[in-house]
Chemist: 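Please see the structure below; I have some questions.
These numbers come from a predicted model, not from an experiment.
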Amino acid sequence: MSRYNARTVEPKWQAAWEEAGIFTAAPDAAREKYYVLEMFPYPSGRIHMGHVRNYTMGDVVARYKSSRGFNVLHPMGWDAFGMPAENAAMEKNVHPGTWTYQNIEDMKTQMKPLGFSLDWTREFATCDPEYYGQQQALFLDMLEAGLVYRKNAVVNWDPVDMTVLANEQVENGRGWRSGALVERKELTQWFFRISDMSQELLDAIDGLTDWPEKVRLMQRNWIGRSQGLQFRFALHGAPDGIDELEVYTTRPDTLFGASFAAISPDHPLARRLEQDNADLAAFNSECRRTGTSEEDLEKAEKKGFDTGLTVTHPFDADWTLPVYVANFILMDYGTGAIFGCPAHDQRDLDFARKYGLDVTPVVAPADALAATFEIGAEAYTDPGHLINSKFLDGMSIEEAKAEVIRRIEAEGVGEGVTKYRLRDWGVSRQRYWGCPIPIVHCPDCGIVPEKKENLPVELPQDVNFSQPGNPLDRHPTWRDVACPACGGAARRETDTMDTFVDSSWYFARFTAPRANTPTDAEAAAYWMNVDQYIGGVEHAILHLLYSRFFARAMAKTGHLPDSAIEPFNALFTQGMVTHETYSTPHPDGGERVVWHTPDEVLRSESGATLRDGGGAVTVGPTIKMSKSKKNVVDPEDIIDQYGADTARWFVMSDSPPERDVEWTASGAEAAWRHLQRVWRLASEVAEAGGADATDADLERATARAIHDVTEGIESFAFNKAVAKLYEFTNLLAKSKAPAGARRVALRTMAQLMMPMTPHLAEEVWTLLGGEGLVSAAPWPKADPALLVEDQLTLPIQVNGKRRAEISVARDADKAAVEAQALADPAVQRVLDGAVPKKVIVVPGRIVNLVV
RNA sequence: GCCCGCUUGGUGAAAUUGGUAGACACAAGGGACUUAAAAUCCCUCGACCUUCGGUCAUGCCGGUUCGAGUCCGGCAGCGGGCACCA
């Protein structure tokens with residue numbers, strides 16, 4: 001018997017699909033549309049198992065929905081701007097565009113053989129001028145709509161390379177290339193007013209019922225709505241007649257437990273004071289050496305500097321508190337100034353212990369006495385009643401908060417306010433390989449938007465990366481431009497946009513990828529929203545939140561219908577493909593290391609060595625496959641050896657899609673064996689010939705398989721769908737039914753396997769006399785009558801432990817089940833004459849006898 | 001540090017969402033076929049014990065319940081995110 005040859009079969013069917021054009025999407029008012037989208041990839045040049053898993057999931061959904069009769073849109077593109085291209089330019093002396101487009105070609109070559117049902121006619125890369133030109137148009141419309149503004153913000157500055165560093169380029173406070181201590185530098189940058197939409201973005205999360213609950217929770221926490229009190233302390237000893245310090249607190253109830261006030265090193269007052277105080281200036285610059293990331297700030301040792309200034313307690317004119325500059329106060333949150341209540345905030349407590357400040361508890365748990373309640377090493381943050389707080393004593397925390405806000409407002413020194421942790425989105429990047437910000441700086445007119453007819457503002461090709469910094473800045477002519485307003489000599493903005501902007505509207509562009517406006521109203525109205533979005537959980541916050549903002553901004557500027565402000569109806573966050581990491585010490589010494597790919601490493605039970613040279617390799621933790629840690633596996637080997645269907649079947653089996661999966665080579669072989677087995681079964685049946693026939697057992701099994709596989713796919717439990725198909729195959733292999741009946745069952749199996757293994761499914765379908773393409777055949781339906789079992793097996797428990805099983809009719813009543821259970825010999829042996837005190841019969845489930 | 005997850009046999013996992021823990025696979029062991037190998041097929045496979053029976057088992061400790069992998073509280077380990085990686 002001939003073997004299934006994926007190498008010849010797969011290209012044959014891919015050509016057939018292409019010829020039939022079944023994946024090319026076109027609006028069709030008569031059919032219900034379904035838009036399935038996987039997060040588009042960064043063109044690193046190689047696909048990895050994470051891509052295969054992600055795109056196979058989307059493909060299963062797309063093919064399944066298509067066979068359910070939906071008009072499916074399933075596009076693909078490239079998130080093509082970003083730093084790796086500039087890094088490659090520096091390391092290999094190749095233009096970022098050349099590198100990126102070559103990578104796209106390479107990845108497409110690797111992806112095509114997987115047989116995804118993608119509409120490649122809609123493909124684009126975000127670095128195509130046709131795409132980023134429309135993005136510039138969006139930027140200008142958003143600027144006009146008041147959604148864009150400029151303000152100062154800090155960046156990581158490498159003083160040796162004279163360049164801005166991304167957070168990931170800062171290692172232990174030093175630049176990754178130069179090793180120089182990183183400084184914070186303030187630049188004027190462009191921002192999107194996402195924080196104006198905080199409440200709306202928060203409220204709308206309630207409506208995202210088909211998003212994972214954990215993602216909704218993360219977004220809510222990220223937006224971070226808090227209700228608190230903002231008020232002004234009377235300030236003493238400050239220069240320039242500054243006599244107030246405005247602070248924000250979410251715990252106004254603890255005001256009588258305050259023992260200090262603290263301001264951020266970046267607070268205007270701190271900046272003013274350091275002019276006359278060298279020690280404070282030194283302290284502040286020390287603080288500014290920490291990275292700009294929140295993680296760095298939070299992890300840094302809590303430090304403070306006593307300014308010598310004091311503030312007066314708002315409820316006691318005789319009570320003053322010292323004012324510190326403290327490194328853990330964030331200038332971006334609240335007012336950049338707080339009062340510290342050490343008894344009820346862990347950071348404040350650590351700080352107070354370090355600097356010998358008072359710790360007075362003002363909230364005590366219900367069972368504690370005011371006189372004896374003390375704070376030890378841990379702050380008390382649970383509910384309780386107020387103590388040591390004059391007119392607040394005895395109140396609950398909520399009552400006390402309201403009362404303090406009422407009195408502060410009555411005194412006119414502050415008010416209750418709602419604040420959000422969400423900050424405006426800074427989009428300026430001092431880099432070449434990004435979408436140019438379409439702005440002109442004119443000495444006479446100031447900031448002038450580029451004219452729409454001059455878009456796209458294209459990146460110049462003649463750039464070099466021999467020097468660090470932004471090549472746009474030092475380009476001899478690109479910056480020179482006539483002012484769009486007055487026509488005089490002016491200069492282009494040389495900052496480009498954050499790559500998150502590119503990915504915040506690509507899903508909308510896919511609905512009309514060649515339109516000469518950002519979107520086409522008719523196409524957007526038909527195709528939006530994305531019905532099913534699939535991607536990594538690592539994008540749970542930023543990408544998804546920015547996209548939600550952008551959809552709103554596009555609706556406000558007329559580029560999307562109002563119905564599309566929540567662009568993703570359903571979200572599935574797939575788990576990551578993980579792998580061990582391998583590193584060796586960096587030749588320059590120090591703490592830096594060199595990362596190695598798995599195929600550079602010889603792994604054994606005891607450890608790992610380098611293949612060439614045999615040096616010892618440190619085996620690191622199993623983490624998400626990433627280019628920077630080089631722990632990536634190339635799926636091409638599997639595809640070359642076994643074919644696409646095996647790779648697709650393999651990544652869909654075993655691990656539930658939402659869970660991380662650690663890559664192991666074993667199993668691909670097994671997947672391949674299984675597909676061979678299905679092929680063999682089909683071949684046998686085909687050779688046996690004869691007319692189609694029926695068989696009661698096979699009909700029941702087929703109905704069960706249709707039901708279970710459908711449910712598996714609908715609920716994203718692809719691993720369970722695969723397990724059911726294994727079961728169905730085992731049953732068919734053992735079946736003694738006539739060949740004609742097995743042929744009917746196998747045709748249905750081909751349909752059920754089609755979303756996962758479309759090439760094999762087509763081959764089997766054709767072999768067994770199926771009409772046309774199985775990819776275009778309607779999804780099979782299970783006869784409900786065949787799904788009902790007449791007899792059920794019920795477990796019998798005695799005191800919650802399983803002791804026996806009985807078989808009962810499906811519709812047996814409780815009394816009959818109870819009688820049958822009590823009559824069971826094994827049950828009688830366990831009961832040993834005892835009479836059950838209670839009998840619990842859960843129909844169709846279980847019987848529990850309590851003695 | 002803060003926010004969010006995850007943890008079940010040697011391995012990946014399943015368990016109708018509070019009702020028989022381990023479906024379906026991988027690996028391993030045994031057998032059939034074969035001169036042999038490959039391929040294929042069959043059997044065994046959580047641990048322990050006195051083995052047609054029983055005890056213990058879902059990261060650890062406690063709780064709720066007739067009944068807990070599932071719910072609640074605490075702890076540990078691992079992972080994701082933390083606003084300039086994408």
Chemist: To the nearest Å, give me how far apart OH (A/Tyr546) and C1' (B/rC85) are.
Modeler: 13 Å
Chemist: Find out whether A/Phe500 and A/Trp425 are in side-chain contact, i.e. whether some heavy atom of one side chain is under 4.5 Å from a heavy atom of the other.
Modeler: yes
Chemist: So which atom in A/Ala166 and which in A/Met83 form the shortest heavy-atom distance, rounded to 0.1 Å?
Modeler: CB-CE, 3.7 Å
Chemist: Mind jotting down which residue pairs meet the salt bridge (Lys or Arg N to Asp or Glu O under 4.0 Å) criterion with at least one end in residues 836-851 of chain A? Sequence neighbours excluded, please.
Modeler: none
Chemist: Determine whether A/Met76 and A/Glu38 make a side-chain contact, defined as any pair of heavy atoms from C-beta on separated by less than 4.5 Å.
Modeler: yes
Chemist: Mind checking the P distance from B/rC48 to B/rC43? Whole angstroms is fine.
Modeler: 24 Å
Chemist: Kindly indicate whether the side chain of A/Val651, heavy atoms from C-beta on, has any atom under 4.5 Å from the side chain of A/Phe718.
Modeler: no
Chemist: Check for me whether the distance between the ring centres of A/Trp222 and A/Tyr420 falls short of 6.0 Å.
Modeler: no
Chemist: Please walk me through it: do A/Arg803 and A/Asp824 pass salt bridge (charged side-chain N to carboxylate O under 4.0 Å, His left out)?
Modeler: CA-CA 10 Å; A/Arg803 296 296 177 183; A/Asp824 188 85; over 6 Å; no
Chemist: Taking atom types as they are modelled, is there a donor-acceptor pair under 3.5 Å from the base of B/rC85 to the side chain of A/Gln169?
Modeler: no
Chemist: Examine the base of B/rC82 for any acceptor or donor lying under 3.5 Å from a partner atom in the side chain of A/Glu294, and report the outcome as yes or no.
Modeler: no
Chemist: Answer with yes or no after comparing the ring centroid distance for A/Phe650 and A/Tyr642 against a 6.0 Å cut-off, counting only values under it.
Modeler: no
Chemist: Does the A/Gln219 side chain pair with the main chain of A/Ala540, one donor and one acceptor, at a distance under 3.5 Å?
Modeler: yes
Chemist: Atom pairs under 3.5 Å, N or O on each side, protein against nucleotides 63-69 of chain B: can you list them with distances?
Modeler:
from, atom 1, to, atom 2, distance (Å)
B/rC66, O2', A/Asn848, ND2, 3.3
B/rC66, O2, A/Asn848, ND2, 2.4

Chemist: Using the C1' atoms only, state how far B/rU44 lies from B/rG9, rounded to an integer number of Å.
Modeler: 15 Å
Chemist: Between A/Ala723 and A/Lys801, just flag the one whose closest nucleotide in RNA chain B comes earlier from the 5' side.
Modeler: A/Ala723
Chemist: Is the A/Phe40 to A/Tyr506 ring centre distance short of 6.0 Å?
Modeler: yes
Chemist: Which atom pairs link the protein and nucleotides 70-75 of chain B when you take only N or O atoms and keep those under 3.5 Å?
Modeler:
none

Chemist: Would you call A/Thr292 and A/Arg184 a side-chain contact if the rule is heavy atoms closer than 4.5 Å?
Modeler: yes
Chemist: Could you tell me how far apart A/Asp424 (CG) and B/rC84 (P) are, to the nearest whole angstrom?
Modeler: 12 Å
Chemist: Which dot-bracket string fits RNA chain B when only Watson-Crick or G-U wobble pairs with both atom distances under 3.5 Å count, crossing pairs get [ ], and | stands for a partner on a different strand?
Modeler: (((((((..(((......[....))).(((((.......))))).((((...))))..(((((..]....))))))))))))....
Chemist: Establish whether the base of B/rC84 is bridged to the side chain of A/Gln189 by a donor-acceptor pair shorter than 3.5 Å.
Modeler: yes
Chemist: Identify the pairs formed between an N or O of the protein and an N or O of nucleotides 3-10 of chain B at a distance under 3.5 Å, and give each distance.
Modeler:
from, atom 1, to, atom 2, distance (Å)
B/rC3, O3', A/Asn221, ND2, 2.8
B/rC3, O2', A/Asn221, ND2, 2.8
B/rU7, OP1, A/Arg659, NH2, 3.0

Chemist: Rounding to the closest angstrom, what is the interatomic distance between B/rC56 and B/rG62 at atom P?
Modeler: 15 Å
Chemist: For A/Phe728, what residues pass the ring-ring contact (aromatic ring centres under 6.0 Å, His included) criterion, not counting sequence neighbours?
Modeler: none
Chemist: Output, in order, the C-alpha distance, side-chain angles, deciding distance and verdict of ring-ring contact (aromatic ring centres under 6.0 Å, His included) for A/Tyr132 and A/Phe81.
Modeler: CA-CA 10 Å; A/Tyr132 71 70; A/Phe81 276 133; 5.5 Å; yes
